[in-house]
There are 2 protein chains.
Amino acid sequence: MENRTNNEHQTLTKATNLDLPQNNFPVTQILKVIGGKWKILLISAIAEECPARFGELRKKMDGVSQAMLTTQLRELERDGIICRKAYAESPPRVEYKLTELGKTLINVIGVMRDWWQMYLENQENQIFPEVGFADL
Amino acid sequence: MENRTNNEHQTLTKATNLDLPQNNFPVTQILKVIGGKWKILLISAIAEECPARFGELRKKMDGVSQAMLTTQLRELERDGIICRKAYAESPPRVEYKLTELGKTLINVIGVMRDWWQMYLENQENQIFPEVGFADL
DNA sequence: CAGTATCCATTCGGATACTG
DNA sequence: CAGTATCCGAATGGATACTG
């Protein structure tokens, strides 16, 4: 995610909408860091088992391709959430850890997970009963 | 997003991966509810001004097309986050409000926003200094 | 083992035109 | 005013083959 705030005058054939004001809202931005399909899963997995190896992560994700896993890990590394250390051995070994910054995400993910749990329970038990518009 | 938990035997020409286990992780699911490009923005906007009208929301989003706005609002409604009331007037008027369930999202969004703020400050001031892998 | 490179399918976001 | 219908390009996700 390069800085794209100063290229309003880019010469692309079609406006790419990258510079529209709404793209600067925090909520839009944070989803670029943690919004990848596997990223929150990866962060959680690395938090659980730290350091984590590439192969272990792949098994835990169960379904992700090598290419996707590499892409997502590289983006997390670029954004300062995880760090990567490759050992020059044979066979090669690569370990991933959360950075201090990355560790602060655990709480955020926990809040999201808790909300989802509540959401599911509400679907079953109607903690928040359905109410008409006028009652809200 | 219809209920797709019971269609493992769907007859699509190619497996759609909708039923893979990882799709049942909470973190993957919650992003389906709040992960749309405009959804968190919409929730925040409706929370600020409640009820909110379609036209007002469109102005605030500044850049979203009518079609997208409608889609996102419909999905939020379907997922129980907002409710919609259309007044049979001319010209027509439609108002949106957060449901009680939707209001519980405000805190979640706040946590995400706070984290992003911290993330930006860290990029500028290095609250969390860069450290080597061995130090983590 | 832990990747890259390449290609393909699907999904998402958006532009435009039309409507009650 | 607040939509719906249709079409399209971009972005995302994934399968497969190859590599140090």
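Residue numbers start from 1 in every chain, and the chains themselves are labelled A, B, ... in the order their sequence lines are given, proteins ahead of strands.
Annotation: side chain to side chain donor-acceptor pair (under 3.5 Å) contacts of B:Arg53 (sequence neighbours excluded): none. A:Ile109 pairs by the side-chain contact (heavy atoms from CB on, under 4.5 Å) definition with A:Ile40, A:Ile43, A:Ser44, A:Arg113, B:Val27, not counting sequence neighbours. Contacts of B:Arg74 classified as side-chain contact (heavy atoms from CB on, under 4.5 Å), with partners at least two apart in sequence or in another chain: B:Thr70, B:Glu77, B:Arg84, B:Tyr96. Remark: A:Tyr119 pairs with A:Trp115, A:Trp116 by the ring-ring contact (aromatic ring centres under 6.0 Å, His included) rule, at least two apart or across chains.
At the heavy-atom level, A:Arg53 lies under 4.0 Å from the strands shown only through sugar-phosphate atoms.
The side chain of A:Thr70 approaches C:dG3 more closely than any other nucleotide in the set C:dC1, D:dA15, C:dG3.
At the phosphate of C:dC12, neither OP1 nor OP2 sits under 4.0 Å from any side-chain N or O atom of B:Trp38. Applying the 4.0 Å criterion to OP1 and OP2 of D:dG3, one finds that B:Arg74 has a side-chain N or O inside that range. At least one side-chain nitrogen or oxygen of A:Lys37 sits closer than 4.0 Å to the OP1 or OP2 atom of D:dG14. One finds no side-chain N or O of B:Arg58 lying less than 4.0 angstrom from the OP1 or OP2 phosphate oxygen of D:dC1. Residue A:Tyr87 places none of its side-chain N or O atoms closer than 4.0 Å to OP1 or OP2 of C:dG3.
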Could you pull out the protein-nucleic contacts involving nucleotides 17-20 of chain C (nitrogen or oxygen on both sides, under 3.5 Å)?
none

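Taking the nucleotide of DNA chain D with the nearest heavy atom to each of B:Glu95 and A:Gly36, the more 5' of the two is matched to B:Glu95.
Comparing the axis of the opening five pairs of the helix from C:dC1-D:dG20 to C:dG20-D:dC1 with that of the closing five pairs yields an angle of 50°, rounded to 10°.
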